[in-house]
Chemist: 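I'd like to ask some things about the structure below.
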Amino acid sequence: MKFSKKLITWYLQNKRTMPWRETKDPYRIWLSEIILQQTRVAQGLPYYLSFAEAFPTVFELASATEEQVLKLWQGLGYYSRARNLHATAKYIVNELEGVFPDTYKGLLELKGVGDYTASAIASICYDEPTPVVDGNVYRVLSRYFGINTPINTTAGIKEFKGLAIELMDHEQPATYNQAIMEFGALQCKPKNPYCIVCPINDSCVGLDKGAIGELPVKLKKIKVKKRYFNYLVYDNGNQTVLQQRLGKGIWEGLYEFPLIEDEKCTVDTIPTTQTFKEMVNGGEYVITPFKEEPIVHKLSHQHIYTRFFIIKTDTNLLLQGIQKNVNRQEIHNYPVPILLGNFIDSFFKV
DNA sequence: AAAACGGGGGG
DNA sequence: CCCCCAGTTTT
């Protein structure tokens with residue numbers, strides 16, 4: 001039997017039930033694919049359900065504010081996905097009369113939709129025979145064919161895509177693409193794959209060579225940077241101060257407390273900063289660290305050593321630039337990084 | 001070609 | 001602690 005047919009047979013017997021497998025509505029498929037980029041099904045599922053309920057069609061999503069979208073996305077990470085999701089929804093509604101492109105090529109034009117996502121939507125919704133190549137596919141193909149070309153190089157990306165095109169099932173594109181991904185997720189797992197009971201273990205080159213543990217090959221890991229975030233949590237009784245992160249960089253579009261990024265910030269140095277002086281404007285204050293030890297927030301590419309300084313004051317805070325006063329009750333409505341969300345939940349208990 | 005972009009889970 | 005996850009965009 002053909003490689004693709006074997007995977008499809010396995011898939012039909014082993015696939016999980018998932019809400020986006022109950023529809024071919026391009027809006028729902030697109031939504032699920034964006035949410036699942038670099039994200040496990042278990043983590044993305046509750047977000048998919050929330051979005052599908054809050055925004056049943058692309059029209060409701062397009063009508064939302066970016067802040068609403070970011071708030072619903074809070075905690076999922078890679079927030080550019082949420083901004084692109086919203087921008088694309090508005091584009092589909094305003095320029096395309098609410099109708100999604102129905103080809104791989106057309107889908108590729110959408111913000112936040114790259115090669116993988118365009119292939120996924122085109123195949124699942126329109127049965128276009130264009131193969132998906134995600135982390136699962138790299139693993140399955142590298143093992144089955146014993147390919148040790150690093151998957152995160154131009155040569156590797158090209159080689160695996162070419163192979164995927166050859167293997168593509170032209171009779172059942174939608175089923176085949178989901179089959180190979182599900183096979184990678186459940187059977188040909190990163191660690192401890194079930195090779196003993198694998199339906200294609202009789203022709204797996206990687207298994208034959210005892211190389212399953214070394215495949216796929218991936219080049220070098222990134223080095224982690226350290227950063228030091230000191231948040232000024234103003235508290236004049238019923239209000240605090242928030243500001244939005246603008247421009248490029250981490251957490252773009254999300255809100256946070258006024259920030260001093262500096263390794264040596266302390267209770268004693270804060271009153272010497274320009275931003276603090278302008279804010280309290282000569283008034284009385286007491287600064288207390290929330291915790292003595294910094295909270296280390298670990299991201300894949302940086303470790304953020306974070307301290308929250310509580311600034312009790314009765315003075316009228318002088319807001320600067322993008323800063324805004326926020327009531328204790330309102331603070332939970334703002335989209336914030338999970339790091340701040342955790343702090344807010346403990347400090348501003350409802 | 002390399003770096004940036006989150007957060008959580010598994011071993 | 002390290003790796004990986006239904007990747008894309010920017011530098």
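Residue numbers start from 1 in every chain, and the chains themselves are labelled A, B, ... in the order their sequence lines are given, proteins ahead of strands.
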Chemist: Taking CZ from Arg227(A) and C1' from dA4(B), how many angstroms apart are they, rounded to a whole number?
Modeler: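 In whole Å, dA4(B) C1' lies 11 Å from Arg227(A) CZ.
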Chemist: What interatomic distance, in whole Å, is found between P of dG9(B) and the corresponding atom of dT8(C)?
Modeler: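 It works out to 24 Å between them.
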Chemist: Distance between the C1' atoms of dG8(B) and dT9(C), in whole angstroms?
Modeler: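 That atom pair is separated by 23 Å.
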Chemist: Between dG11(B) and dA6(C), how far is it from one P atom to the other, in whole Å?
Modeler: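 Pairwise P distance, dG11(B) against dA6(C), rounds to 14 Å.
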Chemist: Taking Thr269(A) for the side chain and Cys265(A) for the main chain, is one N or O donor matched with an acceptor at less than 3.5 Å?
Modeler: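 Not confirmed, Thr269(A) side chain does not pair with Cys265(A) backbone.
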Chemist: Considering just the side-chain nitrogens and oxygens of His297(A), establish if one lies under 4.0 Å of OP1 or OP2 belonging to dG7(B).
Modeler: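 It does, given that an N or O in the side chain of His297(A) lies less than 4.0 Å from OP1 or OP2 of dG7(B).
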Chemist: Taking only N and O in the side chain of His301(A), is any of them less than 4.0 Å away from OP1 or OP2 of dC5(B)?
Modeler: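 Result: yes.
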Chemist: Whole angstrom is fine here: how far is it from CD1 in Ile151(A) over to C1' in dC3(C)?
Modeler: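 Roughly 12 Å, once rounded to whole Å.
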Chemist: Mind checking what makes side chain to side chain donor-acceptor pair (under 3.5 Å) contact with Glu128(A), not counting sequence neighbours?
Modeler: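 Applying side chain to side chain donor-acceptor pair (under 3.5 Å) to Glu128(A) gives none.
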Chemist: For Tyr285(A) and Phe276(A), I'd like to know if the aromatic rings sit close, meaning centre-to-centre distance below 6.0 Å.
Modeler: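 Yes, ring centres under 6.0 Å apart.
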Chemist: Would you say dG7(B) has OP1 or OP2 under 4.0 Å from some side-chain N or O of Trp251(A)?
Modeler: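 Checking Trp251(A) against dG7(B): at least one side-chain N or O falls below 4.0 Å of OP1 or OP2.
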Chemist: Rounded to whole angstroms, how far apart are NZ on Lys225(A) and P on dA3(B)?
Modeler: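 Rounding to the nearest Å, NZ of Lys225(A) and P of dA3(B) are 9 Å apart.
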Chemist: Partners of Arg81(A) by salt bridge (Lys or Arg N to Asp or Glu O under 4.0 Å), sequence neighbours excluded?
Modeler: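 Arg81(A) satisfies salt bridge (Lys or Arg N to Asp or Glu O under 4.0 Å) with no other residue.
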Chemist: Heavy atoms only, 4.0 Å cut-off, all strands: where does Lys223(A) land among base, sugar-phosphate and nothing?
Modeler: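 It contacts nothing in the nucleic acid.
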Chemist: Within the 4.0 Å heavy-atom criterion, would you say Glu252(A) contacts the bases, only the backbone, or no part of the nucleic acid?
Modeler: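 No contact.
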Chemist: Going 5' to 3' along nucleotides 4-11 of chain C, which nucleotides have protein heavy atoms under 4.0 Å from the base (write B), which only from the sugar-phosphate (write S), and which from neither (write -)?
Modeler: BBBBSS--
Chemist: Roughly how many Å is it from CG in Leu299(A) to P in dC3(C), rounded to a whole number?
Modeler: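 From Leu299(A) CG to dC3(C) P: 17 Å.
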Chemist: Determine the contact category for Gly75(A): base if any of its heavy atoms lies under 4.0 Å from a base atom, sugar-phosphate if only primed atoms, P, OP1 or OP2 are that close, otherwise nothing.
Modeler: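 If one applies the 4.0 Å heavy-atom cut-off, Gly75(A) turns out to touch the sugar-phosphate alone, with no base involved.
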Chemist: Return the stems involving DNA chain C, sorted by first number, where pairs are Watson-Crick (N1-N3 with N6-O4 or O6-N4) or G-U wobble (N1-O2 and O6-N3), both under 3.5 Å, and runs are 3 or more long.
Modeler: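 Result, WC/G-U stems under 3.5 Å: B:1-5 with C:7-11, B:7-11 with C:1-5.
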Chemist: Report the residue from Phe229(A), Phe343(A), Tyr234(A), Phe290(A) that forms a ring-ring contact (aromatic ring centres under 6.0 Å, His included) with Phe257(A).
Modeler: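 Result: among Phe229(A), Phe343(A), Tyr234(A), Phe290(A), Phe343(A) is the only option passing the ring-ring contact (aromatic ring centres under 6.0 Å, His included) with Phe257(A).
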Chemist: Can you check the Tyr47(A) OH to dG8(B) P distance for me, whole Å?
Modeler: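 About 7 Å, once rounded to whole Å.
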Chemist: Applying side-chain hydrogen bond (donor to acceptor under 3.5 Å, both in side chains) as the test, list every pair that has at least one member in residues 298-318 of chain A; sequence neighbours left out.
Modeler: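 Sorted result for residues 298-318 of chain A: Arg227(A)-Gln302(A).
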Chemist: Could you pull out all residues at least two apart from Glu171(A) that satisfy salt bridge (Lys or Arg N to Asp or Glu O under 4.0 Å)?
Modeler: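 Glu171(A) satisfies salt bridge (Lys or Arg N to Asp or Glu O under 4.0 Å) with Lys5(A) only.
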Chemist: Could you tell me the separation between the CG atom of Leu219(A) and the P atom of dC3(C), rounded to a whole number of Å?
Modeler: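 The answer, rounded to whole Å, is 13 Å.
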Chemist: Can you measure Leu45(A) atom CG to dG9(B) atom P for me and round it to whole angstrom units?
Modeler: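 Rounded to whole Å, this separation is 13 Å.
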Chemist: Quick check on ring-ring contact (aromatic ring centres under 6.0 Å, His included): which of Trp30(A), Tyr48(A), Tyr47(A) does Trp20(A) satisfy it with?
Modeler: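 One option only clears the test, and that one is Tyr48(A).
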Chemist: Of Ala155(A) and Lys189(A), whose closest DNA chain B nucleotide lies nearer the 5' terminus?
Modeler: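 Its nucleotide being nearer the 5' end, the pick is Ala155(A).
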Chemist: Regarding Glu66(A) and Arg83(A), does a basic nitrogen lie under 4.0 Å from an acidic carboxylate oxygen?
Modeler: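 Between Arg83(A) and Glu66(A) there is no salt bridge, as every charged N stays at least 4.0 Å from the carboxylate O atoms.
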Chemist: Heavy atoms under 4.0 Å, any strand shown: does Leu76(A) hit a base, just sugar-phosphate, or nothing?
Modeler: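 Touches a base.
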Chemist: Drop me the distance from Leu107(A)'s CG to Thr88(A)'s OG1, to the nearest 0.5 angstrom.
Modeler: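 The distance works out to 10.5 Å.
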Chemist: Can you tell me how far C1' of dC3(C) sits from OH of Tyr138(A), to the nearest Å?
Modeler: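 Answer to the nearest Å: 17 Å.
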